[in-house]
Amino acid sequence: KPDIIACDFNDEKAFRSARAAISAHDAFDLVVTNAGYVMPSPVAIIDPEEFEKHINVNLRGGMFVIQAALPKMVARGQGMILANVSMGAIIALQNYAAYSAGKFGMRGFLWALYNELKGSGVQFCGMYSSAVDTPMLRYEAQHEHGSLLNFMGKISTADEVATHALRNLDKPK
């Protein structure tokens, strides 16, 4: 059975505990970051704590989890980082500046790591999922938030995204 360390990136105590557990672990073959938070709002009126939550969940947590696991992966010359980033890292929507900032940041972080660690044996895979049937998407739909882009095509289930992610492990890009 694989070791799984789960964490709420917006809970500072839990976050630090998970990061310490990752750093103390012997080695990881795979690190998956799959976090998302959105509460659409114009930047001019978004509560600063809300803005911070977007950055904590969508960027900071994933960056620091990856950073904690990398030294042992690099030392072993193997490992895979799989980050479910979101189409929000490619398309910025009105009232989604805080969300997009975190997702664009994670996309840039992964690209920089890919370039930094070429030849190290550590592989990277960023997934840019669109609409996934989650409480976050349901909230957007029920509160008339979100983009019509989320609802124009097929809405994937979490299981479908996980299956796609597992297929990508054999052919990282």
Side-chain angles (χ1 to χ4, degrees), residues 6-12 15 18-19 31-70 80-118 122-169 171-173:
C7 176
D8 175 350
F9 290 155
N10 206 47
D11 178 337
E12 190 65 29
F15 171 69
R19 191 164 172 209
V31 172
V32 177
T33 65
N34 184 41
Y37 175 76
V38 69
M39 184 59 62
S41 176
V43 172
I45 63 169
I46 192 170
D47 180 274
E49 288 180 13
E50 193 68 33
F51 210 130
E52 189 174 338
K53 186 173 183 178
H54 280 86
I55 300 305
N56 285 345
V57 174
N58 297 322
L59 176 60
R60 180 178 176 261
M63 284 175 45
F64 289 144
V65 163
I66 291 167
Q67 181 195 32
L70 272 179
M80 164 71 78
I81 304 293
L82 173 66
N84 192 358
V85 183
S86 164
M87 283 299 290
I90 297 170
I91 300 170
L93 302 172
Q94 179 182 353
N95 297 330
Y96 279 68
Y99 178 79
S100 293
K103 295 303 184 174
F104 272 74
M106 180 54 73
R107 180 178 172 208
F109 180 72
L110 290 174
W111 272 107
L113 278 180
Y114 170 79
N115 288 319
E116 185 177 314
L117 296 172
K118 278 184 183 173
V122 179
Q123 298 177 315
F124 296 88
C125 183
M127 290 181 47
Y128 299 88
S129 304
S130 185
V132 180
D133 185 10
T134 63
M136 186 170 82
L137 184 70
R138 282 187 229 122
Y139 178 88
E140 288 180 271
Q142 292 167 355
H143 293 86
E144 297 182 13
H145 294 301
S147 164
L148 290 177
L149 296 174
N150 279 343
F151 307 101
M152 288 180 70
K154 178 185 179 300
I155 296 175
S156 301
T157 67
D159 286 344
E160 289 169 333
V161 173
T163 298
H164 182 72
L166 291 173
R167 279 196 308 261
N168 281 329
L169 294 179
K171 51 181 180 239
K173 296 180 181 178

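Numbers here simply count residues along the sequence, with the first being 1.
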Legend entry - Close side-chain approach of Ser41 to Asn95, heavy-atom, < 4.5 Å: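 Sidechains of Asn95 and Ser41: no contact.
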
Which atoms form the tightest heavy-atom contact between [X] and [Y], and what is the distance?
{"X": "Gly102", "Y": "Ile55", "answer": "N-CD1, 3.9 Å"}
{"X": "Phe51", "Y": "Val43", "answer": "CE1-CG1, 4.2 Å"}
{"X": "Asp47", "Y": "Glu49", "answer": "OD1-N, 2.8 Å"}
{"X": "Tyr96", "Y": "Val38", "answer": "CE2-CG2, 3.4 Å"}
{"X": "Ala92", "Y": "Ser100", "answer": "CA-OG, 3.6 Å"}
{"X": "Ala83", "Y": "Leu110", "answer": "CB-CD1, 3.6 Å"}

Inset, instruction - Report the C-alpha distance between Phe9 and Tyr37 in whole Å, list the side-chain angles of each, state the deciding distance to 0.1 Å, and finish with yes or no for side-chain contact (heavy atoms from CB on, under 4.5 Å). - result: CA-CA 10 Å; Phe9 290 155; Tyr37 175 76; over 6 Å; no

[atom1] of [X] to [atom2] of [Y]: how many Å apart, nearest 0.5 Å?
{"X": "Asn115", "Y": "Trp111", "atom1": "CG", "atom2": "CH2", "result": "7.0 Å"}
{"X": "Phe64", "Y": "Arg19", "atom1": "CZ", "atom2": "CZ", "result": "5.5 Å"}
{"X": "Phe104", "Y": "Ile90", "atom1": "CZ", "atom2": "CD1", "result": "8.0 Å"}

Legend entry - With sequence neighbours excluded, residues passing side-chain hydrogen bond (donor to acceptor under 3.5 Å, both in side chains) with Arg107: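 Partners of Arg107 under the side-chain hydrogen bond (donor to acceptor under 3.5 Å, both in side chains) test: none.
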
Inset, instruction - List for me each residue that meets side-chain hydrogen bond (donor to acceptor under 3.5 Å, both in side chains) alongside Asn10, sequence neighbours excluded, and say none if there are none. - result: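 For Asn10, the residues satisfying side-chain hydrogen bond (donor to acceptor under 3.5 Å, both in side chains) (neighbours in sequence not counted) are Asn56.
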
Inset, instruction - Just do the side-chain contact (heavy atoms from CB on, under 4.5 Å) check on Asn58 and Met106 with the steps written out, would you? - result: CA-CA 7 Å; Asn58 297 322; Met106 180 54 73; over 6 Å; no

Legend entry - Option from Leu117, Val65, Val32, Ile66 for which side-chain contact (heavy atoms from CB on, under 4.5 Å) with Ile81 holds: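 Per the side-chain contact (heavy atoms from CB on, under 4.5 Å) rule, the option paired with Ile81 is Ile66, out of Leu117, Val65, Val32, Ile66.
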
Inset, instruction - Under the salt bridge (charged side-chain N to carboxylate O under 4.0 Å, His left out) rule, collect the residues that match up with Arg60, sequence neighbours excluded. - result: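 Applying salt bridge (charged side-chain N to carboxylate O under 4.0 Å, His left out) to Arg60 gives Glu12.
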
Inset, instruction - Evaluate the ring planes of Tyr99 and His54, with Trp represented by its six-membered ring, and classify them as parallel (under 30°), tilted (30 to 60°) or perpendicular (over 60°). - result: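 Aromatic pair Tyr99/His54 classed perpendicular.
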
Inset, instruction - Look at atom CD of Glu52 and say whether more than 12 heavy atoms of other residues, nucleotides or ligands are closer to it than 6.0 Å. - result: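 Check fails, neighbour count at 12 or below.
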
